[in-house]
Amino acid sequence: MRVLVLGGTTEARALYGLLEQAGARFAVTVSLAGATRAPVLPRLAVRIGGFGGVDGLYDWLLAHLVDAVIDATHPFAVRMSGNAVQACTRAGVALLRVERPGWTPVEGDHWIRVASMQAAARALGTTPRRVLLTVGRKDLLPFHHAGAHDWLLRSVDRPDASLLPPGARVLQARGPFDVAAEEALLRDERIDVIVTKNSGGTATHAKLVAARALGLPVIMVDRPAVAPAPTVADAEEAMAWLERLYTHDSSTRREV
Ligand SMILES: NC(=O)c1ccc[n+]([C@@H]2O[C@H](COP(=O)([O-])OP(=O)(O)OC[C@H]3O[C@@H](n4cnc5c(N)ncnc54)[C@H](OP(=O)(O)O)[C@@H]3O)[C@@H](O)[C@H]2O)c1
């Protein structure tokens, strides 16, 4: 069975591990956007870079005789997920999305929930604050004119200087992070507020626990709407779906 995995997440990396163990039944290609400078690569075939929109992905699926696509991209990667729905529907290829559940507030959290990066920038207000910005490199523009805040930006790769809010300092780091280290960072940097996407998952959850312990507010950008597709929450469920598809396809082939 030929499988294309759209990757770039912790769940995708967990799935690579399961597919590496699954053996020759699955001929897998992992696709990465090429956004991260030193991505964690699997021991599977890898292609890097965009497909060229819906048409490009559709052509790729046909040219490589793909039987199934697993969309394990980030919950905020809505363009890629939307393209996958359209291309797979057109090509008649089975599609499954792996989407980790979002975070939900618990007692003691002070979340200000907003629908977009622009709203997050507005929610900071005009009084200068010390901000830990953890929204990723792509979404920095709305913060350029968000006020004279003291910005500490954390991201896997260093963004171009032109993308940074004025005076922003950059902390280059890749999760998982732990609570003690997050608390220390928030204290040492005298952070007043955290801005984050509702990415969900465990790798970057510690900052929320640390914020709760220190009584700090969190501006939480809710997930954007994404084109509907059959969805599971983790790599194990995705693997079970692939096994079922494989068994079903093999028995159908035997019957023909
Ligand atoms: N957005 C986030 O917060 C975030 C966080 C962590 C990791 N990531 C990962 O970073 C990558 C890019 O995310 P994004 O938010 O830029 O996505 P996006 O806005 O949905 O996608 C933009 C374009 O990048 C290309 N692309 C995205 N993911 C791809 C993949 N896995 N393989 C090949 N091409 C891909 C596609 O180009 P074409 O139209 O040319 O095919 C897509 O139209 C994804 O793999 C995602 O899982 C994103």
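Residue indices begin at 1 and follow the sequence shown. Treat the numbers as computed from the prediction; the structure is a model and nothing was measured. Ligands are counted one by one from 1 in listed order, and the atoms in each one are counted from 1 as well.
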What side-chain donor-acceptor pairs closer than 3.5 Å can you find for residues 216-232, not counting sequence neighbours?
unit_1: D222; atom_1: OD1; unit_2: R113; atom_2: NE; d: 3.2
unit_1: D222; atom_1: OD1; unit_2: R113; atom_2: NH2; d: 3.1
unit_1: R223; atom_1: NE; unit_2: N198; atom_2: O; d: 2.9
unit_1: R223; atom_1: NH1; unit_2: R100; atom_2: O; d: 2.8
unit_1: R223; atom_1: NH2; unit_2: R100; atom_2: O; d: 3.0
unit_1: R223; atom_1: NH2; unit_2: P101; atom_2: O; d: 3.4
unit_1: R223; atom_1: NH2; unit_2: S199; atom_2: O; d: 2.8
unit_1: T231; atom_1: OG1; unit_2: A229; atom_2: O; d: 2.7

R79 NZ/CZ over F76 ring centroid, <6.0 Å and within 45° of normal: no
Side-chain donor-acceptor contact under 3.5 Å, T73 with D71: yes
Between the protein and ligand 1, which nitrogen or oxygen pairs come in under 3.5 Å, and how far apart is each?
unit_1: ligand 1; atom_1: 3 (O); unit_2: H74; atom_2: ND1; d: 3.4
unit_1: ligand 1; atom_1: 3 (O); unit_2: K197; atom_2: NZ; d: 2.4
unit_1: ligand 1; atom_1: 15 (O); unit_2: K138; atom_2: NZ; d: 3.1
unit_1: ligand 1; atom_1: 16 (O); unit_2: K138; atom_2: NZ; d: 2.9
unit_1: ligand 1; atom_1: 19 (O); unit_2: K138; atom_2: NZ; d: 3.0
unit_1: ligand 1; atom_1: 20 (O); unit_2: A77; atom_2: O; d: 3.2
unit_1: ligand 1; atom_1: 20 (O); unit_2: V78; atom_2: N; d: 3.4
unit_1: ligand 1; atom_1: 20 (O); unit_2: R79; atom_2: N; d: 3.0
unit_1: ligand 1; atom_1: 20 (O); unit_2: M80; atom_2: N; d: 2.8
unit_1: ligand 1; atom_1: 31 (N); unit_2: S31; atom_2: O; d: 3.1
unit_1: ligand 1; atom_1: 32 (N); unit_2: S31; atom_2: OG; d: 2.7
unit_1: ligand 1; atom_1: 39 (O); unit_2: G53; atom_2: N; d: 3.1
unit_1: ligand 1; atom_1: 39 (O); unit_2: N83; atom_2: ND2; d: 3.3
unit_1: ligand 1; atom_1: 40 (O); unit_2: F51; atom_2: N; d: 3.3
unit_1: ligand 1; atom_1: 40 (O); unit_2: G52; atom_2: N; d: 2.9
unit_1: ligand 1; atom_1: 40 (O); unit_2: G53; atom_2: N; d: 3.4
unit_1: ligand 1; atom_1: 41 (O); unit_2: F51; atom_2: N; d: 2.7
unit_1: ligand 1; atom_1: 41 (O); unit_2: G52; atom_2: N; d: 3.4
unit_1: ligand 1; atom_1: 45 (O); unit_2: G7; atom_2: O; d: 2.7
unit_1: ligand 1; atom_1: 47 (O); unit_2: G7; atom_2: O; d: 3.2
unit_1: ligand 1; atom_1: 47 (O); unit_2: H74; atom_2: N; d: 2.9

Salt bridge E182-R154, side-chain N to carboxylate O under 4.0 Å: yes
R90 with D55: basic N within carboxylate O range, under 4.0 Å: yes
Cation-pi, F26 ring and R2 (6.0 angstrom, 45 degrees): no
